[in-house]
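Remarks on the structure that follows.
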Amino acid sequence: MKNFRDKKIIITGAGSGMGRHLAYQLAAEGAEVFITDINAQTVKETEQEIISKGGKVKSYVVDSGSEQQIYAFKEKFLIEEKQVDVLFNNAGMALGEIEFTEVKDEHLKKIIDVNMWGVIHFTRAFLPSLLLRPEANLINTSSVFGIIGVRTQVPYCTTKFAVRGFTEALRMELSDTNVTVSCVHPGGIKTNIARNGIHYKDAEKSATQFDEVAATTAEDAARIIINGVKNNREKILIGADAWLIDRIARWFPVKYSHIFKWIHQKKFKK
Ligand SMILES: NC(=O)c1ccc[n+]([C@@H]2O[C@H](COP(=O)([O-])OP(=O)(O)OC[C@H]3O[C@@H](n4cnc5c(N)ncnc54)[C@H](O)[C@@H]3O)[C@@H](O)[C@H]2O)c1
């Protein structure tokens, strides 16, 4: 989709980070943005900022981990707005660094509900509507951790590999339709992801370490995603780290885990 003017665009998780900047930039390009988040206060702040700049926006509180809330939102949205042109499945959460054997069942279930089922339910809810438009885009946010699996991130990697598999399979199925399907793989992006997550260890220390390695701003990341969608790119890598990780995973599809274990030890266990 080359031009977003007057297009109806849903963005999940728009109360912070990349979702918020996607909303700012798409509204500035003349789109009508419909933003959801579990956090009523931050999604309202995003809405207020867009209104103050003269943009078209409506915010909704929707827990992406709740099938019931997603389908209730769909009913309300389609009655009021009739159609949708673009869906960004951006909402997501992380667990701080933790070995798999230490992860509590409730947290494992929660991250799968939000990161994997949230994407699946939002897609099932709105795909029939996207298929009715002359041109439509579905953009699902995976991660570099949907390309490589790394220690202390088993639950997160599980969900992000699932998003990638879901998106790539669906892309093939929809390849003869009006819907272009993209999968986004951000590297480290300076957002609140490390602070917003569930933590087992020192939350502030983890967030500070994350900030040290996260090289791309949320604003730049949103710009890269939007450019990717405008050019109908199906795989959108964000940041030099994402490009490098993607290549290392292809050059060393099995041995990459030894390489990243060594890098991790050098960086954090000095
Ligand atoms: N920041 C990174 O380095 C990075 C890297 C790879 C992938 N990602 C992915 O990018 C996406 C955006 O994350 P971000 O970095 O902007 O983080 P962020 O924490 O700044 O923003 C995520 C937003 O999602 C919302 N959210 C969390 N749980 C939700 C739920 N149950 N229902 C609805 N909204 C919910 C949060 O409230 C927040 O507003 C996520 O899917 C994340 O996994 C981020």
Side-chain angles (χ1 to χ4, degrees), residues 10-25 34-47 49 59-70 72-73 88-96 107 109-122 139-148 150 153 155-164 166-167 182-199 203 206-207 209-222 224-225 236-243 245-246:
I10 296 174
I11 307 162
T12 70
S16 173
M18 286 181 265
R20 173 173 272 182
H21 284 276
L22 282 169
Y24 289 167
Q25 292 175 29
F34 301 89
I35 57 176
T36 72
D37 206 285
I38 196 171
N39 188 323
Q41 189 191 325
T42 59
V43 78
K44 232 356 177 202
E45 286 166 10
T46 306
E47 182 183 55
E49 177 66 19
S59 73
Y60 307 80
V61 177
V62 182
D63 178 358
S64 285
S66 160
E67 177 179 359
Q68 184 267 326
Q69 286 189 32
I70 292 169
F73 167 65
F88 284 91
N89 275 315
N90 163 81
M93 59 169 291
L95 301 185
H107 296 157
K109 184 173 179 317
K110 180 159 174 67
I111 195 170
I112 291 172
D113 279 347
V114 176
N115 291 8
M116 186 190 86
W117 279 111
V119 172
I120 294 173
H121 288 314
F122 257 100
I139 305 99
N140 294 336
T141 298
S142 172
S143 169
V144 286
F145 289 166
I147 296 173
I148 57 166
V150 294
Q153 294 295 330
Y156 189 77
C157 290
T158 303
T159 64
K160 293 300 185 178
F161 269 75
V163 170
R164 175 182 163 199
F166 172 73
T167 308
S182 304
C183 196
V184 179
H185 297 277
I189 315 295
K190 279 189 205 307
T191 68
N192 292 316
I193 188 100
R195 288 186 173 79
N196 281 340
I198 294 169
H199 290 278
S206 306
Q209 282 183 343
F210 177 78
D211 288 343
E212 277 173 23
V213 292
T216 309
T217 64
E219 196 174 348
D220 285 346
I224 291 165
I225 296 170
I236 302 173
L237 294 163
I238 307 179
D241 49 352
W243 282 91
I245 287 169
D246 185 53

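Each ligand, and each atom within it, is numbered from 1 in the order the structure gives. As the structure is a prediction and not an experimental result, all values here were calculated from the model.
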I need the nearest protein heavy-atom contact for [atom]: residue, atom name and distance, please.
{"atom": "atom 3 (O) of ligand 1", "result": "I189 N, 2.8 Å"}
{"atom": "atom 29 (C) of ligand 1", "result": "I38 CG2, 3.7 Å"}
{"atom": "atom 24 (O) of ligand 1", "result": "G13 CA, 3.6 Å"}
{"atom": "atom 13 (O) of ligand 1", "result": "I193 CD1, 3.9 Å"}

Test log, rule side chain to side chain contact (heavy atoms under 4.5 Å, CB included), inputs D246 and H185: CA-CA 9 Å; D246 185 53; H185 297 277; over 6 Å; no

Residue [X] vicinity, atoms of ligand 1 by number, heavy atom under 4.0 Å:
{"X": "V62", "answer": "32 (N), 33 (C)"}
{"X": "G15", "answer": "39 (O)"}
{"X": "M18", "answer": "4 (C), 8 (N), 10 (O), 15 (O), 16 (O), 44 (C)"}
{"X": "N90", "answer": "11 (C), 12 (C), 40 (C), 41 (O)"}
{"X": "G188", "answer": "3 (O)"}
{"X": "G17", "answer": "16 (O), 20 (O)"}
{"X": "F210", "answer": "1 (N), 2 (C), 3 (O)"}

[X] near ligand 1 by a heavy-atom separation under 4.0 Å:
{"X": "F145", "answer": "no"}
{"X": "A214", "answer": "no"}
{"X": "T42", "answer": "no"}
{"X": "K160", "answer": "yes"}

Working for side chain to side chain contact (heavy atoms under 4.5 Å, CB included), residues E219 and Q25: CA-CA 9 Å; E219 196 174 348; Q25 292 175 29; 3.7 Å; yes

Among V114, D113, V119, I120, the one residue meeting side-chain contact (heavy atoms from CB on, under 4.5 Å) with M116: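 Only one of V114, D113, V119, I120 forms a side-chain contact (heavy atoms from CB on, under 4.5 Å) with M116, namely I120.
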
Residue that, paired with Q69, satisfies side-chain contact (heavy atoms from CB on, under 4.5 Å) out of D63, I38, T36: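 Checked D63, I38, T36 against Q69; only one passes side-chain contact (heavy atoms from CB on, under 4.5 Å): D63.
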
Closest approach of L22 to I11 (non-hydrogen atoms, all atoms of both residues):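 Between these two residues, the closest heavy atoms are C-CD1, 4.0 Å.
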
From CA spacing to verdict: side chain to side chain contact (heavy atoms under 4.5 Å, CB included), V184, I238: CA-CA 8 Å; V184 179; I238 307 179; 3.7 Å; yes

pair D37-R20: side-chain heavy atoms closer than 4.5 Å: no

Heavy-atom side-chain proximity of I147 to L237 below 4.5 angstrom: yes

Hey, does [X] come in under 3.5 Å of ligand 1, counting only N/O atoms on both sides?
{"X": "T191", "result": "yes"}
{"X": "P186", "result": "no"}
{"X": "D37", "result": "yes"}
{"X": "S16", "result": "yes"}
{"X": "S64", "result": "yes"}
{"X": "N115", "result": "no"}
{"X": "V114", "result": "no"}

Salt bridge present between D211 and R195 (N-O < 4.0 angstrom): yes

Atom [atom1] of [X] and atom [atom2] of [Y]: how far apart are they, to the nearest 0.5 Å?
{"X": "N192", "Y": "N39", "atom1": "CG", "atom2": "CG", "answer": "10.0 Å"}
{"X": "F73", "Y": "I10", "atom1": "CZ", "atom2": "CD1", "answer": "4.5 Å"}
{"X": "D241", "Y": "T216", "atom1": "CG", "atom2": "OG1", "answer": "5.5 Å"}

Aromatic plane relationship, H21 with Y24 - under 30° parallel, 30 to 60° tilted, over 60° perpendicular: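 Answer is perpendicular, since the angle exceeds 60°.
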
Parallel, tilted or perpendicular: ring planes of F145 versus Y156, cut at 30 and 60 degrees: perpendicular

Given [options], which one has a non-hydrogen atom that is nearest to [atom]?
{"atom": "atom 4 (C) of ligand 1", "options": "A215, A221, G187", "value": "G187"}
{"atom": "atom 8 (N) of ligand 1", "options": "Y156, F88, Y60", "value": "Y156"}
{"atom": "atom 30 (C) of ligand 1", "options": "D63, L22, V213, V43", "value": "D63"}
{"atom": "atom 22 (C) of ligand 1", "options": "G92, A222, G19, A218", "value": "G92"}

K110 and M93: CA distance, side-chain angles, deciding distance, side chain to side chain contact (heavy atoms under 4.5 Å, CB included) verdict: CA-CA 9 Å; K110 180 159 174 67; M93 59 169 291; 3.9 Å; yes

Ligand 1-proximal atoms of S142, by part, heavy-atom distance under 4.0 Å: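 For S142, only backbone atoms sit under 4.0 Å from ligand 1.
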
For ligand 1, the portion of N196 having any non-hydrogen atom under 4.0 Å away: side chain

T46 side chain vs A14 backbone, donor-acceptor pair below 3.5 Å: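 Yes, T46 side chain to A14 backbone: donor-acceptor pair under 3.5 Å.
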
